[in-house]
Amino acid sequence: MIMAGGKGKRLSMIKPLLTVCGVPILKLIVDSLSPHIEVWIATTNGHPVERFVRNYLGMENFLIFTRGLGYEIDVIQVVETLGFPLITVPADSPFLTWRDIEHLIEECRSSLCSLKDNKGFTGISFWRDHGYSKYFQDVSIDHEILNVNDWNAFLQANKNC
């Protein structure tokens with residue numbers, strides 16, 4: 001599940017549609033994950049991401065709409081709708097690899113596991129079962145998953161092409 005349709009207060013509402021290395025960030029993430037898992041995209045109704053997913057990605061059957069009450073609340077809504085197991089990924093990690101997700105899944109021993117890179121939390125989580133309110137774990141990797149949350153990170157991402 002890719003969370004892609006928030007208010008974008010730190011960068012832009014259309015952050016998932018910004019291009020890194022000439023490709024929209026959302027497409028980069030979909031292309032990285034879709035050979036391995038079924039990918040759903042969460043957004044709010046009428047958000048520009050909805051049109052992009054329908055018209056450019058052709059994934060209208062894999063859209064889920066949230067109430068837009070904030071990332072954490074919307075993630076819980078998605079988890080309750082789609083069920084377990086579920087991987088949640090914010091739409092701001094253009095260089096996310098399947099190897100990173102696989103590591104999270106393999107190392108997770110709890111109901112909810114969050115991926116931490118060498119800079120801290122990434123917003124990427126593996127939801128295994130209903131015990132997530134009590135049993136959670138951090139899973140670390142030794143490299144950075146670049147998070148495009150401001151213009152400096154966006155410029156850095158495009159330098160990494």
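Residues meeting the side chain to side chain donor-acceptor pair (under 3.5 Å) test with E72, sequence neighbours left out: none. Every side chain to side chain contact (heavy atoms under 4.5 Å, CB included) that N45 has, sequence neighbours left out, goes to E50, F65. Shown here are the side chain to side chain donor-acceptor pair (under 3.5 Å) partners of H130, two or more places apart in sequence or in another chain: there are none. Residues forming a side chain to side chain contact (heavy atoms under 4.5 Å, CB included) with R99 (at least two apart in sequence, or on another chain): T97. Scored by the salt bridge (Lys or Arg N to Asp or Glu O under 4.0 Å) test, R51 finds no partners at all (sequence neighbours excluded).
Contacts classified as disulfide (SG to SG under 2.5 Å) and involving residues 31-80 (residues at least two apart or in different chains) are not found. Within the structure, every pair that satisfies the salt bridge (Lys or Arg N to Asp or Glu O under 4.0 Å) test and touches residues 24-44, not counting sequence neighbours, is listed here: K27-D31. For residues 116-154, there are no disulfide (SG to SG under 2.5 Å) pairs, not counting sequence neighbours. Residue pairs meeting the disulfide (SG to SG under 2.5 Å) criterion with at least one partner in residues 72-108, sequence neighbours excluded, are C108-C113. Under the ring-ring contact (aromatic ring centres under 6.0 Å, His included) criterion, the residue pairs touching residues 86-107 are H36-W98, with sequence neighbours excluded. Residue pairs meeting the side-chain hydrogen bond (donor to acceptor under 3.5 Å, both in side chains) criterion with at least one member in residues 79-91, sequence neighbours excluded: T88-W127.
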Contacts under 3.5 angstrom, residues 154-161 side chains, donor-acceptor by atom type, not counting sequence neighbours:
| unit_1 | atom_1 | unit_2 | atom_2 | d |
| --- | --- | --- | --- | --- |
| Q156 | NE2 | N160 | OD1 | 3.1 |
| N158 | OD1 | C21 | N | 2.9 |
| N158 | ND2 | T19 | O | 3.3 |
| N158 | ND2 | F154 | O | 3.2 |

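Here the straight-line distance linking atom CG of D74 with atom CG of L69 works out to 6.0 Å at 0.5 Å rounding. To the nearest 0.5 Å, the span separating CG on L112 from CZ on F126 amounts to 10.0 Å. Rounding to the nearest 0.5 Å places CD1 of I37 at 8.0 Å from CG of L86. Residue L57 holds its CG atom at 9.5 Å from OG of S34, rounded to the nearest 0.5 Å. For the atom pair I87 CD1 and R128 CZ, the distance stands at 10.5 Å (nearest 0.5 Å).
Nearest approach of D117 to H143, heavy atoms of both residues: CB-O, 2.9 Å. Looking at every heavy atom in both residues, S111 comes nearest to D129 through OG-OD1, 2.5 Å. Looking at every heavy atom in both residues, P90 comes nearest to I29 through O-CD1, 3.8 Å. Among all heavy-atom pairs drawn from K119 and E144, the shortest one is CE-OE1, 3.6 Å. P94 and D92 get closest at one heavy-atom pair: CD-O, 3.3 Å.
Counting heavy atoms from C-beta outward, S114 and F121 have side chains that approach closer than 4.5 Å. A heavy-atom distance below 4.5 Å is found between the side chains of M59 and V39. Annotation: side chain of V30 is in contact with side chain of I41 (closest heavy-atom distance under 4.5 Å). With a 4.5 Å cut-off on side-chain heavy atoms, V78 and T66 count as touching. Between L146 and L96, every side-chain heavy-atom pair lies at or beyond the 4.5 Å cut-off. Put simply, the side chain of L115 reaches to within 4.5 Å of the side chain of I145, judged on heavy atoms. R54 has its side chain within reach of L63: a pair of non-hydrogen atoms, C-beta onward, lies under 4.5 Å apart. You'll find the side chain of T122 stays beyond 4.5 Å of the side chain of S93, heavy atoms only.
With hydrogens and angles left out, the side-chain atoms of K15 and N149 include a donor and acceptor closer than 3.5 Å.
Using modelled atom types, no side-chain atom of Q77 and backbone atom of G68 make a donor-acceptor pair closer than 3.5 Å. Here the side chain of S110 pairs a donor or acceptor atom with the backbone of Y135 at under 3.5 angstrom.
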Should L104 and I124 be marked as a side-chain contact (heavy atoms from CB on, under 4.5 Å) after you check the CA-CA gap, both sets of side-chain angles, and the distance that decides it?
CA-CA 9 Å; L104 174 62; I124 300 165; 4.0 Å; yes

